[in-house]
Amino acid sequence: MSHNDFKNKKSMQFGASTMTTGADVVVQSLINCGVTNVFGYPGGATIPLHQAFTRYRDKIRVILPRHEQGAGFAAQGYARVTGEVGVCTTTSGPGATNIITAIDDAKLDSVPIVVITGQVNLNAIGADSFQETPITEVCRCITKHHYLVDDTDDLARIVAEAIYVAKSGRPGPVLIDVPKNVLVSQCYPNFDQPFNLPGYEAANPGQIDRQLIGQIVEKINKSQRPMILSGGGVTTSDATELLKKIVDKTGVPVATTMPGLASFPRDDENCLGMAGMHGTYCANQAIRNCDLLLVLGARFSDRVAAVPSKFAPNAYVVHFDVDPSEFNKVKKVKATVCGDLKDSLSALLETIETEYVPVDLAHWKTQLREWNELHPVCYQLTEVEEKEDLIIPQMAIEELSKATQDKDVIVTTGVGQHQLWTTLFYHFNKPRTWLSSCGLGTMGFGLPSAIGAKVARPDATVIAIEGDGSLQMNIQEMATCVTEHIPVKLLLVNNQHLGNVVQWEDMFFGRNRANTYLGDINDPENCGKGDGYHLTKRYPDYVAIAKGYGWDAVVVEKRSEYPAALKQMLESPGPFMIDLRIPYCGHVLPMIPPGCSVEDIKVEK
């Protein structure tokens, strides 16, 4: 897409001959660009913008979160499930700084959002004015592009540019910082201004190298142990169907990264599950032993390739990506294909259809089955759990997966053990149904991103799987679900600990508890002296909190209680939470310890 192909559409409430405020220009420009939902928290600097929104209520909805970070993650949820740009707004100063984490999160996971922040008047900038923060400077290295608007006449162009930049090429966050006097000043809006993005066009890849694609197919023809590693870029570029056709044609096995979890159907016979630190034993062994590895839209994160020299050490590695800066940044590869994955995989599929020579992969597939049978993705109840009918998260998530496979369901998570158990035990078979903070690892992501997903896909059932530590980071967004009539579901994996950190304490720090217990500091669990199953007391009462916000909620501690509660949650018309009270001794396994390779993988506690 070129700059000139992107139009600020003419569905305008006023023409260029009508004098109007900067705030109205911003709102009309968003509407012209196809934006129908905005997640915004008002404040002094953005009062004019929110007043303008009220004049366009028939065309654009503003959802009021209860914290600016919630607005940012909701915008991400909207963007991740639609592929379109999510838009959020904050006021200046603390409002702007509160959304920084969501901006950084979007940058690391390549999510297209536009963040519009208010700013003090132009003549007050630099004077340490009330609620002044130089947010464009603060966010310079965590945005794809950013603007400090100093002329009302530029607003229409800047909003359209921001939407275009956020979505094109490698998606990412764009920040527009608008001083209050720019919002209240009047102008004759020009929605036909050409873009002013010198050099940006050159950053977008050109034609796919067909000769190189042919050479890659030759490598596939000769490979005895081929593998594909599917990353988040496959979903982002809407190339999931192309990948499925390539695999159906060639039989090449697929592992995914965490962002790429829903890019290839988990129940497909050629899917090995997620690779990396907490990936499946089979996927990790397959990458270690393959002789050809096609890496699609992934960036060799340290959570996947902790020791790059030992990652696919004997393979001919080909890296496909839209961003050339990722090539050879972490892992030295043999060949690179730069371009949108939809174009690259289309070219690859076309060449496979004419030049692919079927290869007998029976021996390789037998080896993969043996690895999977040696250490399958499964769980085993302890004697205490069996005797006392205790619910465990692996079983709860697996049963949730089974109960929702024939439904239109989107799953979001926070960050922690619950997130990792979800990657293992929930089977994602459709793209854009898995939302999680993968790069930045932000606790509190699950609930607000579920809000954005539900706004984007109101007919889908949206379920946030959260840990109790993670939920508390953005628990206030329970109010948003009720007041804005956004009926998401919440499976709270509650062990009253920061479970992932506890696991590291158990494995690498002699079980020494250091501020990882979320209850009373005088409880024995605070010093690691509990039995792993029974807490001295439960704190806080999440069901009471949920009901205080207007949710329906139930407690589940026994396996026998779970089926009825799950059915009740899925059938509930409004926001519903299951407080899943689990033992706190569980570990997420397999695990490749930090700084280690697959040969050091731990498969049992």
Side-chain angles (χ1 to χ4, degrees), residues 30 35-43 46 49-50 53 60-91 95-117 163 166-167 171-176 410-415 432-438 440 442-458 460-466 470-490 549 551 575:
L30 290 172
V35 176
T36 57
N37 293 278
V38 172
F39 304 89
Y41 203 100
T46 54
L49 179 60
H50 281 262
F53 277 129
I60 195 165
R61 177 187 180 187
V62 179
I63 295 94
L64 175 66
R66 294 308 187 263
H67 191 282
E68 292 87 354
Q69 188 180 107
F73 286 148
Q76 274 204 49
Y78 187 95
R80 288 179 188 234
V81 301
T82 62
E84 300 299 327
V85 177
V87 179
C88 52
T89 70
T90 77
T91 191
T97 57
N98 277 347
I99 207 168
I100 289 173
T101 298
I103 294 172
D104 195 16
D105 194 282
K107 181 68 160 57
L108 280 172
D109 281 0
S110 301
V111 180
I113 63 170
V114 168
V115 181
I116 302 172
T117 55
I163 297 286
K167 188 178 177 183
V174 177
L175 173 68
I176 308 174
I410 296 166
V411 173
T412 76
T413 75
V415 170
R432 300 194 183 279
T433 57
W434 155 249
L435 284 66
S436 195
S437 172
C438 302
L440 194 61
T442 310
M443 295 172 68
F445 178 89
L447 179 57
S449 65
I451 290 171
K454 185 65 175 176
V455 169
R457 294 275 311 283
T461 299
V462 181
I463 304 167
I465 301 175
E466 278 277 19
S470 185
L471 176 63
Q472 292 223 46
M473 297 287 183
N474 274 312
I475 196 170
Q476 74 286 337
E477 300 308 328
M478 281 185 152
T480 308
C481 295
V482 173
T483 60
E484 295 282 347
H485 303 282
I486 305 170
V488 304
K489 315 304 178 189
L490 175 60
Y549 277 116
W551 286 52

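Since we're looking at a predicted model, the values are computed, not measured. Sequential numbering from 1 along the given sequence is applied to the chain's residues.
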Check Ile410 against Ala460 and note the closest heavy-atom contact, atom names and distance. CD1-CB, 4.1 Å
Write down the atom of Ala166, the atom of Ile113, and the distance for their closest heavy-atom approach. CB-O, 3.9 Å
When rounded to the nearest 0.5 angstrom, what is the spacing between CG in Asp104 and OG in Ser437? 9.0 Å
In Å, rounded to the nearest 0.5 Å, how long is the span from CD of Glu84 to CD1 of Ile163? 9.5 Å
Can you find a pair of side-chain heavy atoms, one from Ile99 and one from Cys88, that are under 4.5 Å apart? yes
To check you understand the geometry: which heavy-atom pair defines the closest contact between Gly72 and Ala102, and what is its length? CA-CB, 3.6 Å
Less than 4.5 Å apart, side chain to side chain, heavy atoms only: is that true for Ile60 and Val35? yes
Just verifying a value: how many Å separate Leu471 CG and Met473 CE, rounded to the nearest 0.5 Å? 10.5 Å
Would you check if the side chain of Glu466 reaches a backbone N or O of Leu447 as a donor-acceptor pair within less than 3.5 Å? yes
For the residue pair Arg80 and Thr412, establish whether any side-chain heavy-atom pair is separated by less than 4.5 Å. no
Would you please test Phe445 and Leu440 for side chain to side chain contact (heavy atoms under 4.5 Å, CB included) and show each step? CA-CA 10 Å; Phe445 178 89; Leu440 194 61; over 6 Å; no
So, do Pro42 and Leu64 sit near enough that their side-chain heavy atoms are less than 4.5 Å apart? yes
Heavy-atom pair with the smallest gap, counting every atom of Ala74 and Phe39: CB-CD2, 3.6 Å
To the nearest 0.5 Å, what is the distance between SG (Cys481) and CD1 (Ile451)? 4.0 Å
What do the steps show when you test Thr90 against Asn98 for side chain to side chain contact (heavy atoms under 4.5 Å, CB included), and what is the final call? CA-CA 9 Å; Thr90 77; Asn98 277 347; over 6 Å; no
Under the salt bridge (Lys or Arg N to Asp or Glu O under 4.0 Å) rule, what do Lys454 and Glu484 come out as? Steps first, then yes or no, please. CA-CA 11 Å; Lys454 185 65 175 176; Glu484 295 282 347; over 6 Å; no
Less than 4.5 Å apart, any side-chain heavy atom of His50 and any of Thr89? yes
Taking the side chain as every heavy atom from C-beta outward, state whether Met443 and Val415 have any pair of such atoms under 4.5 Å apart. yes
Before you tell me yes or no, could you show the steps for Asn37 and Arg61 under side chain to side chain contact (heavy atoms under 4.5 Å, CB included), namely the whole-Å CA-CA distance, both residues' side-chain angles and the distance that decides it to 0.1 Å? CA-CA 5 Å; Asn37 293 278; Arg61 177 187 180 187; 3.6 Å; yes
Minimal non-hydrogen separation, Gly444 against Asn474, with atom names: O-ND2, 2.9 Å
What residues form a side-chain contact (heavy atoms from CB on, under 4.5 Å) with Ala456, not counting sequence neighbours? Tyr78, Val81, Thr82
If every non-hydrogen atom of Ala71 is compared with every non-hydrogen atom of Pro65, which pair is closest and at what distance? CB-CG, 3.6 Å
Should Glu477 and Phe73 count as side-chain neighbours, where that means a heavy-atom distance under 4.5 Å? no
Identified side chain to side chain contact (heavy atoms under 4.5 Å, CB included) partner of Leu175 from the options Val114, Ile116, Val115: Val115
Do other residues, nucleotides or ligands put more than 12 heavy atoms under 6.0 Å from the OH atom of Tyr41? no
pair Gln76-Leu435: side-chain heavy atoms closer than 4.5 Å: no
